[in-house]
Amino acid sequence: MRNQIPDINTLLAGILAGNRVLLAKAITLVESTRPDHVAMAQEIIGRLPTRQMEKGIRIGITGAPGSGKSTFIEAMGMHLIKQGKK
């Protein structure tokens, strides 16, 4: 099954290895409201080494529908990728 969510250990190993596909699947769990997904996301976050959590930053983007949030995020992401960031 193509959209099947891998087990927690596979997701965690993939995140730590920099696997973007597995990171994307983990993000899907974090964004989901399904109780089983929420539980998996919480376990993954709880098992991430603190050093991994300290490497990144979080930025909140808000605005009215159609105001350009997604366009901005895409442009910012491409800019960071060009600088060699992940």
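Quick note: residue numbers are just sequence positions, from 1.
- Listed here is the closest heavy atom pair of P6 and L11: O-CD1, 3.5 Å.
- When all heavy atoms are compared, the tightest approach of Q4 to K25 is O-NZ, 3.7 Å.
- Under the salt bridge (charged side-chain N to carboxylate O under 4.0 Å, His left out) criterion, no residue pair touches residues 67-83, with sequence neighbours excluded.
- Looking only at side-chain heavy atoms (C-beta outward), I8 and R47 come within less than 4.5 Å of each other.
- Residues T62 and S67 are not in side-chain contact: their nearest non-hydrogen atoms beyond the backbone lie 4.5 Å or more apart.
- In this structure, L29 CG and I27 CD1 are separated by 10.0 Å, a value rounded to the nearest 0.5 Å.
- Partners of D36 under the salt bridge (charged side-chain N to carboxylate O under 4.0 Å, His left out) rule, at least two apart in sequence or in another chain, are R34.
- Rounding to the nearest 0.5 Å gives a distance of 9.0 Å between CZ of R20 and CG of L23.
- Applying the side chain to side chain contact (heavy atoms under 4.5 Å, CB included) test between V30 and each of I45, I44, V38 identifies I45 as the sole match.
- Taken to the nearest 0.5 Å, the CD atom of E43 stands 9.0 Å off from the CG atom of L12.
- Atom CD of Q42 sits about 13.0 Å away from atom NE2 of H37, to the nearest 0.5 Å.
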